[in-house]
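Report on one structure; see the data block that follows.
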Amino acid sequence: MDTLFIDEGFGSLDQESLDLAIRTLIDLQSAGRMVGVISHVSEMKEQIASRIDVIKQADGSHIKVVVP
């Protein structure tokens, strides 16, 4: 599988499980797989360097592409 898309669920994990999930996603990405994640969990944003952030504003949502 070259692409993986995950829609949330990280907020219900304990810290150890969340750390394991983040490390696993980063490892998959490092191996050349495309990983898409929808999450409100701040640890995800802090630890996953390449991402598309959706920013909610009064005039509508905007995106910010973050590439290290």
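Every heavy atom of this structure was used, including side-chain atoms; hydrogens, water molecules and symmetry mates were not.
- Side chain to side chain, Asp14 and Ser17 meet the donor-acceptor criterion of an N or O pair below 3.5 Å.
- When all heavy atoms of Ile38 and Phe5 are compared, the pair lying nearest together is CD1-CZ, 3.5 Å.
- Tracing side-chain contacts under 4.5 Å through hydrophobic residues (I, L, V, M, F, W, Y), one reaches Val37 starting from Ile26; they form part of the same cluster.
- Identified under the salt bridge (charged side-chain N to carboxylate O under 4.0 Å, His left out) test for residues 36-48, with sequence neighbours left out: Lys45-Asp53.
- Ile22 pairs in a side-chain contact (heavy atoms from CB on, under 4.5 Å) with only one of the listed residues (Leu25, Leu20, Leu18, Thr24), which is Leu18.
- Of all non-hydrogen atoms in Ser61 and Lys56, the two that sit nearest each other are OG-CA, 4.2 Å.
- Separation of atoms CD (Gln47) and CZ (Arg23) is listed at 9.0 Å; rounding is to 0.5 Å.
- Counting heavy-atom neighbours within 6.0 Å of Ile52 CD1, excluding the residue itself, gives a total of 12 or less.
- Remark: the backbone N or O of Ser30 is not paired with any side-chain donor or acceptor of Arg33 at under 3.5 angstrom.
- Shown here is Gln57, whose CD atom has more than 12 heavy atoms of other residues, nucleotides or ligands within 6.0 Å.
- Both Val54 and Val65 belong to a single network of hydrophobic side chains, linked directly or stepwise wherever heavy atoms of I, L, V, M, F, W or Y lie under 4.5 Å apart.
- Ile6 is connected to Leu28 through a chain of hydrophobic side-chain contacts under 4.5 Å among Ile, Leu, Val, Met, Phe, Trp and Tyr, so both are in one cluster.
- The minimum heavy-atom distance between Leu13 and Ala21, with the atom names listed, is CD1-CB, 4.2 Å.
- Here the shortest heavy-atom pairing between His62 and Asp59 reads NE2-OD1, 3.2 Å.
- Considering every non-hydrogen atom in both Val35 and Gln29, the closest pair reads CG2-N, 4.1 Å.
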